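For reference, the structure discussed in these notes is given below.
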Protein chains: 2
Amino acid sequence: MIVADGRQAMYRKVAAELRQGISDGAYGSGGRLPAESALAQTYGVSRGTIRQALALLRADGLVTSRRGTRRVVLGTARVQTFSETVSFTRWARSLGEEPGGRVVDVVRRAAEPVEREKLRLAEGDEVCLVLRVRTLSAVPVMVERSVYPRHIGEIVAGLDPAAVSHTVPLEEHGVRFTDVHHTIDLTYADADDAALLDCRVGDALLRERRRSTDPTGTPVEWSEDRYLPGTVAFTVHNSSAAAALSRRTAS
Amino acid sequence: MIVADGRQAMYRKVAAELRQGISDGAYGSGGRLPAESALAQTYGVSRGTIRQALALLRADGLVTSRRGTRRVVLGTARVQTFSETVSFTRWARSLGEEPGGRVVDVVRRAAEPVEREKLRLAEGDEVCLVLRVRTLSAVPVMVERSVYPRHIGEIVAGLDPAAVSHTVPLEEHGVRFTDVHHTIDLTYADADDAALLDCRVGDALLRERRRSTDPTGTPVEWSEDRYLPGTVAFTVHNSSAAAALSRRTAS
DNA sequence: GCGGCCAGGTTGGCTGTACAACTTGACGCG
DNA sequence: CGCGTCAAGTTGTACAGCCAACCTGGCCGC
């Protein structure tokens, strides 16, 4: 039985308990979960709440679900929280690595047409460009080029250039990232990349372009990250219930 | 008002209508959706059903949602169906490209330990390896190396080597893909890749590794696809409501 | 003009109910 | 032994209602 504390929804707590049970192997790999009605009884909540919890596990690819039979445990794959996928710093820490970084360059200028479109700005609005190299255990692994609208750029520009995380201070200023759209492909190192990542110009890099919006739907960041090969891989789970991945022809 | 035809759930039809409305610009970009209760009235269903429909749009990143205020339209980003993300053929056709391909090699042999683990097979079980090159408008863009458990391999091996799609015939044999886990990173062309993709050994390629399971949770395919740079990009949407993307240190 | 307060509107969370669609295993028949 | 039938169990879909948390805009007082 779980007690409501008001800070977190019941169904999220149930989901967390079920996650724990799955990774503890309480149901076995390839095993079956108890029926929704049984779970409802053991946790002392209604079936609807259980279904909300299970929808979370379903989206993470931890369990299947199919009409007519009990849910099957798919795997104990480590699942990151949203905040870990958004923040390089939190991601690294959750893996036991020591994240670091250094701001190489900050530029403020009028937004160019592409930037205006991506950040939904008006003509003449200013943007703030931040170029940063990021490290894991002191080894450079990624170059980050971010574009912020002016009011957010002000905050970023005011931070310590050696600050490990930008996301955390931004959140403290009330900037919340809730939706992120990623595009992943391959590109080649330019002179800046080569110098910062200690590789050669023209070497292939894994590229992640990212557009983040806040709860109101206003774009707050447009960023391009370039990773040294062999340092990271992106994983996506995708089910017929809720498809998130798509594949595009390169633009 | 939408009429139930029994073949598709009401909430899916409502979701489809809302999608259409969004891409038609009926609500404007950055505009607001009508309230759930209003939608419930216009579609003649209960609020719960509307919420199920909106959850689909939310997962696709088409709308935000926030307590206290109406939903905001995020974008009209083209969203693929699950079947389009799983099948190269259907994906290509939906983009107006002409997909093609050729089976280069088929091997049957006892499963190696890695394969046994990925496909959850017992010692001594056989697997079927298929090497295939795939084209868009006759241009080679991807090399696919798939591993199937024996009973599925039989079906694949029996297909015409020039067959454009393997997914479609497999589905006709009752093989259903419902969950897919993707890992995306970068690798370098080996001799086979170079010959098939018309590039040089050592050239960088975008790699997608994929493990698919059927509704019972049984693995049905383990595949590694290697794309020529500049031909595809992977896109992922990720919201604090339902996070699907994760980033891993390379294994 | 400006700021705080408040009422109304809206989504989030939870419960309960009912039935449909589907799977599985057991049973009985040929 | 093989096969179909059937019943029980389970998830999917839909409905109705209730309250809490939260946002927005307008009003009022200063």
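The structure presented is a predicted model; accordingly, all values stated were derived computationally and were not measured.
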side-chain contact (heavy atoms from CB on, under 4.5 Å) filter on B/Thr178, not counting sequence neighbours, yields A/Ser240, B/Pro215
The contact string for nucleotides 10-17 of chain C, one letter per nucleotide 5' to 3', using protein heavy atoms under 4.0 Å with B, S and - for base, sugar-phosphate only and none, comes out as BBBBSB--
> Counting only heavy atoms not in A/Arg176, do more than 12 sit closer than 6.0 Å to its CZ atom?
Replying inline: no
| Do A/Leu56 and A/Tyr11 touch side chain to side chain, with heavy atoms closer than 4.5 Å? | yes
From CG of B/Leu39 across to P of D/dA14 the rounded distance in Å is 15 Å
- Query: Under a 4.5 Å cut-off applied to non-hydrogen side-chain atoms, are A/Ile22 and A/Val63 in contact?
  - Reply: yes
*With a 4.5 Å heavy-atom cut-off, do A/Arg32 and A/Thr69 have their side chains touching?*
yes
